[in-house]
> 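One structure, as structure tokens, below. Some questions next.
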Protein chains: 2
Amino acid sequence: MPVTLKDVAAAAGYSVTTTSRALGGYDDVNEQTRERIITVARELGYQPNMLARQLQAQRAETIGLVIPQAAHQPDDDFFSLLMKGISYVASQHQFDLLISSQLTPQDELRAYQRIAGGRRVDGVIVARTMHDDPRIAYLQRNNYPFVVSGRSAPDEPDDFPFVDADSESGIRQVVAHFIDYGHEHIGFISSPPELAYTPYRLAGYQHALADADLPYREDYVAHGDMQQESGQKAAADLLARHPQMTAIVASNDAMAIGAMAAVQAAGKQVGVDMALGGFDDIPLARHITPDLTTVRQPIYRIGELVAEMLIQIINGEPPEQTGILLEPKLIIRASSGQPLAI
Amino acid sequence: MPVTLKDVAAAAGYSVTTTSRALGGYDDVNEQTRERIITVARELGYQPNMLARQLQAQRAETIGLVIPQAAHQPDDDFFSLLMKGISYVASQHQFDLLISSQLTPQDELRAYQRIAGGRRVDGVIVARTMHDDPRIAYLQRNNYPFVVSGRSAPDEPDDFPFVDADSESGIRQVVAHFIDYGHEHIGFISSPPELAYTPYRLAGYQHALADADLPYREDYVAHGDMQQESGQKAAADLLARHPQMTAIVASNDAMAIGAMAAVQAAGKQVGVDMALGGFDDIPLARHITPDLTTVRQPIYRIGELVAEMLIQIINGEPPEQTGILLEPKLIIRASSGQPLAI
DNA sequence: TTGTATGCGTTATCAC
DNA sequence: GTGATAACGCATACAA
């Protein structure tokens with residue numbers, strides 16, 4: 001049986017109240033009394049029951065994050081990085097992080113209801129936003145503190161705090177870079193339509209083409225699920241259908257790396273016969289051979305920022321800037337190859 | 001203000017007790033009453049307060065993991081993988097995962113006291129065990145359920161549940177593989193002495209040498225802190241002091257990858273002038289060029305196993321096998337180079 | 001300076 | 001079937 005405040009009080013010969021205040025550092029308790037109580041508490045190995053304390057304080061000193069099925073892959077880097085950024089900042093503010101892994105989107109919403117509605121956490125972080133995201137609707141409706149890593153789709157309101165990298169600008173930069181290198185037949189591996197950033201990334205592709213007066217061809221766009229394997233499949237498909245294609249940009253690095261395999265399987269060489277670009281700049285991007293041209297999204301930093309904002313909101317100090325859009329940075333590497341001779 | 005059971009009871013015209021049982025699915029409540037209460041609860045958007053429930057049940061349905069400072073590096077793969085394995089299994093058993101990031105070893109112990117002693121979690125996972133690990137001592141002394149990812153040092157008792165890869169065998173396999181390829185001057189980049197597995201890995205190196213009647217030279221051993229950079233420094237040091245060295249084995253992949261840089265900086269070529277081996281088989285190991293010979297430790301799987309064991313213990317069904325030692329598997333890749341001509 | 005009483009929201013006990 | 005009461009462990013008005 002655990003040692004409770006009552007036990008300490010009894011052993012020290014004081015009331016629970018005095019014991020609580022002595023341990024709590026209140027100055028309206030006799031010095032001798034305090035010392036005695038502290039000594040007894042130590043001897044008994046007293047540890048306050050955090051659940052009871054949180055219930056009484058109506059505050060958990062904890063923030064929550066629900067991990068979707070899609071992030072369970074051992075080689076998914078995005079959530080790992082985001083979580084590290086979050087937990088680092090949380091620890092600086094003496095907050096813990098409650099992780100709830102869920103296997104289906106429905107479970108995901110229920111998990112938010114359980115941990116936010118159930119007061120297990122003082123606020124939550126929502127990542128991987130979708131079209132008409134029910135989680136955001138739920139949190140807003142109930143006035144629960146939350147910050148979004150990502151943002152809403154272009155045709156939806158974004159009246160909530162968020163931190164995101166500018167997807168449109170990012171993809172636009174990569175595509176423009178390839179156009180600059182003389183490519184005219186550039187394929188795009190898009191993200192799933194239900195993800196909120198998909199229209200932004202696709203728009204980045206379209207705008208870069210338009211800027212250069214190149215036609216947008218719908219059949220140059222393939223779709224993947226953000227996993228490596230799907231990138232391979234999508235690239236194989238594009239290559240088979242369009243032999244004239246000389247460059248492919250993928251919505252994230254994982255799919256771009258999958259595309260590498262497809263290019264090689266097709267007997268072409270990345271960086272020579274085919275330029276390849278991604279999005280994220282995961283650690284692997286600079287270690288793979290050839291290393292991958294991509295646009296850097298500071299995921300760890302985004303984790304830090306969302307946690308920082310969330311804790312401010314929880315503490316009743318709402319941040320001035322509620323929507324932060326970070327400009328991603330083009331990182332040119334070997335997968336770009338050389339400018340095409342014209 | 002959140003909706004409580006009391007609110008639902010009042011709105012439905014029943015007592016809190018009946019309301020609780022109606023919602024809890026007890027069969028000693030009138031069907032009509034139940035329906036009425038459920039309807040009201042739904043209308044009001046009632047969400048049970050998990051803290052109150054946990055306090056009453058004396059159970060949090062949550063397991064805890066403390067992340068040490070050393071794992072905060074964005075490119076540390078070990079804890080990310082371990083955590084994914086843990087959270088996956090936890091979710092299958094309807095458990096959540098409480099993460100507490102801590103910046104110093106002292107804070108780390110305090111964090112375990114807070115979350116385990118404070119009953120925020122029903123049990124904890126201890127990773128990255130050290131010599132005379134104070135966390136294990138604390139948990140054992142207080143009879144808190146815990147499972148260790150790793151194990152105790154060779155000269156210490158291991159009377160607790162753990163899952164670990166056999167470090168001695170793993171390093172032994174890599175070194176033996178290089179000896180088999182004809183190498184006689186093999187360096188070793190060791191882990192920090194305070195880590196519990198350090199003696200095992202060093203022993204693996206020594207035994208492999210002894211098996212082949214090769215001398216063990218203390219000056220062939222350098223030390224790193226498991227980070228990439230330290231591997232680079234250690235390898236540079238070994239190369240400078242021992243030009244005759246033709247192979248280096250590092251205690252983990254990160255340091256081996258750091259060593260790659262040092263070898264190249266010294267004007268030598270990995271897999272040609274110098275064989276290199278690691279330990280872990282992190283995702284990067286097979287993507288880097290040249291890809292890295294290593295010994296595979298199934299980190300994600302270890303996470304699953306420790307979580308599985310912990311939840312069994314929490315549920316009062318102690319597993320039969322309390323110490324699991326997994327045999328790591330040698331993965332030969334390009335960094336091994338070719339067998340030396342003799 | 002210390003103690004009594006009350007409440008946080010829930011479930012369990014035991015009457016009615 | 002239903003409800004009053006107590007309990008989980010802690011903190012805080014309020015009294016003394």
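Below, read A as the first sequence line, B as the second, and so on, with proteins coming before strands; counting in each chain starts at 1.
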> Taking salt bridge (Lys or Arg N to Asp or Glu O under 4.0 Å) as the test, write out the residues that go with A:E108, two or more places apart.
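Expected list: A:R135.
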> When every nucleotide of nucleotides 11-16 of chain D is labelled 5' to 3' by its protein contacts under 4.0 Å (heavy atoms), B for base, S for sugar-phosphate only, - for none, what sequence of letters results?
SBBB--
> Suppose we screen for salt bridge (Lys or Arg N to Asp or Glu O under 4.0 Å). Which residues come up paired with A:D96, at least two apart in sequence or across chains?
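Listed in chain order: B:R114, B:R120.
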> Five pairs at each end of the helix from C:dT1-D:dA16 to C:dC16-D:dG1: take the axis at both ends and give me the angle between them to 10°.
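The angle separating the two end axes equals 50°.
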> Mind checking side chain to side chain contact (heavy atoms under 4.5 Å, CB included) for A:T39 and listing every partner two or more places apart, or none if nothing turns up?
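Listed in chain order: A:E43.
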> For B:R34, what residues pass the salt bridge (Lys or Arg N to Asp or Glu O under 4.0 Å) criterion, not counting sequence neighbours?
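Applying salt bridge (Lys or Arg N to Asp or Glu O under 4.0 Å) to B:R34 gives B:E31.
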> Please enumerate all residues that pass side chain to side chain contact (heavy atoms under 4.5 Å, CB included) together with B:S91, with sequence neighbours excluded.
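If we apply the side chain to side chain contact (heavy atoms under 4.5 Å, CB included) test to B:S91, skipping adjacent residues, the hits are A:S101, A:L103.
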> Once you round to the nearest 0.5 Å, how far does CD1 of B:I313 lie from CG of B:D122?
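Here the interatomic distance stands at 12.5 Å.
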> Can you tell me how far P of D:dC8 sits from CG of A:D7, to the nearest Å?
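In whole Å, D:dC8 P lies 10 Å from A:D7 CG.
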> Could you check how far CD1 of A:I37 sits from P of D:dC10, rounded to whole Å?
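To the nearest whole Å, that distance equals 14 Å.
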> Nearest whole Å is fine: how far is D:dG9 P from A:Q54 CD?
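Spelled out: CD on A:Q54 to P on D:dG9 is 15 Å.
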> Quick one: on DNA chain D, does B:Y14 or B:A52 contact a more 5' nucleotide (nearest heavy atom)?
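Checking each residue's closest nucleotide, the 5'-ward one belongs to B:Y14.
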> Going by ring-ring contact (aromatic ring centres under 6.0 Å, His included), name the pairs with one or both residues in residues 93-119 of chain B, residues two or more places apart or in two chains.
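Listed by first then second residue: nothing to list.
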> Select base, sugar-phosphate, or nothing to describe what B:D28 touches, counting heavy atoms under 4.0 Å on all strands.
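Base, at least one base atom sits under 4.0 Å.
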> Taking only residues two or more places apart in sequence, or in another chain, which ones meet B:N315 in a side-chain hydrogen bond (donor to acceptor under 3.5 Å, both in side chains)?
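Residues passing side-chain hydrogen bond (donor to acceptor under 3.5 Å, both in side chains) with B:N315: B:R59.
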> Step by step, work out the side-chain contact (heavy atoms from CB on, under 4.5 Å) result for A:K84 and B:I67.
CA-CA 10 Å; A:K84 277 184 192 165; B:I67 302 199; over 6 Å; no
> Just jot down the side-chain hydrogen bond (donor to acceptor under 3.5 Å, both in side chains) partners of A:E304, sequence neighbours excluded, or say none.
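side-chain hydrogen bond (donor to acceptor under 3.5 Å, both in side chains) check on A:E304 returns A:R301.
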> Can you pull the contact range of chain B along DNA chain C, 5' to 3', using atoms under 4.0 angstrom from its heavy atoms?
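Using the under 4.0 Å cut-off, the span is C:dG9 to C:dC14.
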> Quickly work out the B:L55 CG to D:dA6 C1' distance and round it to whole Å.
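After rounding, the reported distance stands at 13 Å.
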> Between A:T4 and D:dC8, is there a contact of a side-chain N or O with OP1 or OP2 at under 4.0 Å?
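Answer no for this pair, as no side-chain N or O of A:T4 is under 4.0 Å from OP1 or OP2.
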> Taking only residues two or more places apart in sequence or in another chain, which ones pass salt bridge (Lys or Arg N to Asp or Glu O under 4.0 Å) with A:D107?
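Expected list: A:R110.
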